[in-house]
2 protein chains.
Amino acid sequence: MADTKQRLLDGALLAVRRHGIAGASARTIAAAAGVNQALVFYHYGSVDELLAAACLSATRDRVSVWSNEFRSVANLRELLDLGRRLHAKERRHGNVSVLAQFLAGAQTDPRLAEATRAALALWTTEIEDVLRRTLANSPLAQIANIPALAGAISAAFVGIELYEGVDAAGAQRAFDALDEMAGLLELVDELGPIATRALRGKVTKVAKTRR
Amino acid sequence: MADTKQRLLDGALLAVRRHGIAGASARTIAAAAGVNQALVFYHYGSVDELLAAACLSATRDRVSVWSNEFRSVANLRELLDLGRRLHAKERRHGNVSVLAQFLAGAQTDPRLAEATRAALALWTTEIEDVLRRTLANSPLAQIANIPALAGAISAAFVGIELYEGVDAAGAQRAFDALDEMAGLLELVDELGPIATRALRGKVTKVAKTRR
DNA sequence: GTCTATAGTAGGATAGAC
DNA sequence: GTCTATCCTACTATAGAC
């Protein structure tokens, strides 16, 4: 059945959630999936291959769930707020630190690295679209490299996810701190026409010297 | 000898660098340290315990190496520049992704979690001092929770480290993007007395409503 | 496609000689 | 303190019955 392949994908994620990437073996995965251990190799050839497939498939699922929310984000603060809701909800379902686990495992496993890079790119693309849209009329757009900034945001988010695993309260405070920073950017935006024009002028100057 | 305990600490790091946290076994560690495998258990009781000790000891070493540099940082941009130099140099010595590896392993291992939290706190404290010093005269200080912001910065840094493992060019671009953001903050700082006063006023207002 | 059985390997941990 | 030898467990992967 095609059902078994799917169960193995789900089982792989469950095993990573429960035991970390290090403890996700053919046996723990099969147990979590409720299928026979040999089927891992029959359907996917190796544990690594299954993990890579699970990483991509799961990320595709989650991104598509949040895709509409990303589309409705109107400014940086809302993006941060979405990030926070996403963090909270996905964590409750245990879907969060999984990507971070894959990322860690990818450091020493090329096959996993390829899949993880692709999975992260799915999130980054969503953020990129938001930035392009929300920064369209901002001086920031002139100075910022949007895809690069999107990558930085994704990476930072993953870092805070990992941080949460060792210091939950600290991670919560970190999100608060980013809220404060976003609030500051908002204040800059509301400074009034004179200051805004001055800032825009400076930014344009800097942007020129960069080219 | 006390020498053997040290060799095991070094071997543990070497093993994590080479094989990731998942591949750091008593055997690979002992091989990297050039000592007998049984000594892991004689000196540290278990592999986890050795890894925890290695994480703390190594972080203490690295932090003390960079401590003077942290002390000479005068503004946010210099902090970012230090972060970049730190990233480059430590990575060349392979000392970088180690903390990220520990952090990933810590997600499913309480003993490792404790040590990793403490190790990360060593870096965070350094950053906290820098922020407190450099933001002393900035409107930012009123609005920002300095320890929380330091935590966010540490976590984000670790995230970019992990990101580098799957997409080196992307990580490089992420640093560039953060440079651009720091540049923007600098521009805001240089806006001139009128705009600065306006911003300061707004910030004070916001800060009040928060209390 | 799915199962059992098993070969072969690697790892955690300990006992006991030196 | 350090070594060899070893036990036991868990893992990857495959062969072969059904």
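Sequence lines set the chain letters: A, B, ... in the order given, protein chains first and strands last, and positions in each chain run from 1.
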Original post:
Closest approach of A:Ala119 and A:Leu99, non-hydrogen atoms and distance?
Top reply: CB-CD1, 4.2 Å
Subject >> Close residues, residues 32-39 of chain A, relative to DNA chain D [heavy-atom separation under 4.0 Å] >> reply: A:Gln37, A:Ala38
**OP:** Round to a whole Å and report the spacing from CZ of A:Arg7 to C1' of C:dT2.
**Re:** 12 Å
Subject >> Value in whole Å for how far the C1' atom of C:dG11 lies from CG of B:Asp48 >> reply: 13 Å
Original post:
Taking the side chain of B:Thr4 as heavy atoms from C-beta outward, which of D:dC11, D:dT2, D:dT6 is closest to it?
Top reply: D:dT2
Subject >> Parallel, tilted or perpendicular: ring planes of B:Phe175 versus B:Phe157, cut at 30 and 60 degrees >> reply: perpendicular
**OP:** Identify whether NZ of Lys or CZ of Arg in A:Lys5 sits under 6.0 Å from the centre of the six-membered ring of A:Tyr42 and within 45° of that ring's axis.
**Re:** no
Original post:
Could you give the CZ-to-P distance, from B:Arg27 to D:dC8, as a whole number of Å?
Top reply: 15 Å
**OP:** Using atom CD of B:Glu49 as one end and atom C1' of C:dA13 as the other, report the distance to the nearest whole Å.
**Re:** 15 Å
Subject >> Between C:dT14 (P) and B:Phe41 (CZ): distance, integer Å >> reply: 8 Å
Subject >> Separation of atom NE2 in A:His43 from atom P in C:dG1, rounded to whole Å >> reply: 6 Å
**OP:** Taking B:Gln101 for its side chain and B:Ile21 for its backbone only, find out whether a donor-acceptor pair lies under 3.5 Å.
**Re:** yes
**OP:** Can you run down the side chain to side chain donor-acceptor pair (under 3.5 Å) pairs that involve residues 110-122 of chain A, sequence neighbours left out, and say none if there aren't any?
**Re:** A:Glu49-A:Arg111, A:Glu114-A:Arg117
Original post:
How would you label the contact of A:Val40 with the nucleic acid (heavy atoms, under 4.0 Å): base, sugar-phosphate, or nothing?
Top reply: nothing
Subject >> Electrostatic pair B:Arg84:B:Asp176 at N-O distance under 4.0 angstrom >> reply: yes
Subject >> Atom-to-atom span, CG of A:Leu50 to P of D:dA13 - whole angstrom >> reply: 11 Å
Subject >> Basic-acidic side-chain contact under 4.0 Å: A:Arg71, A:Asp129 >> reply: no
**OP:** Figure out the CG/C1' separation between A:Leu51 and D:dC11, and round it to whole Å.
**Re:** 14 Å
Original post:
Any side-chain N or O of A:Ser25 less than 4.0 Å from the OP1 or OP2 oxygen of D:dC11?
Top reply: yes
Subject >> Upstream residue (5' side of DNA chain D) when A:Thr28 and A:Tyr42 are each assigned their closest nucleotide >> reply: A:Thr28
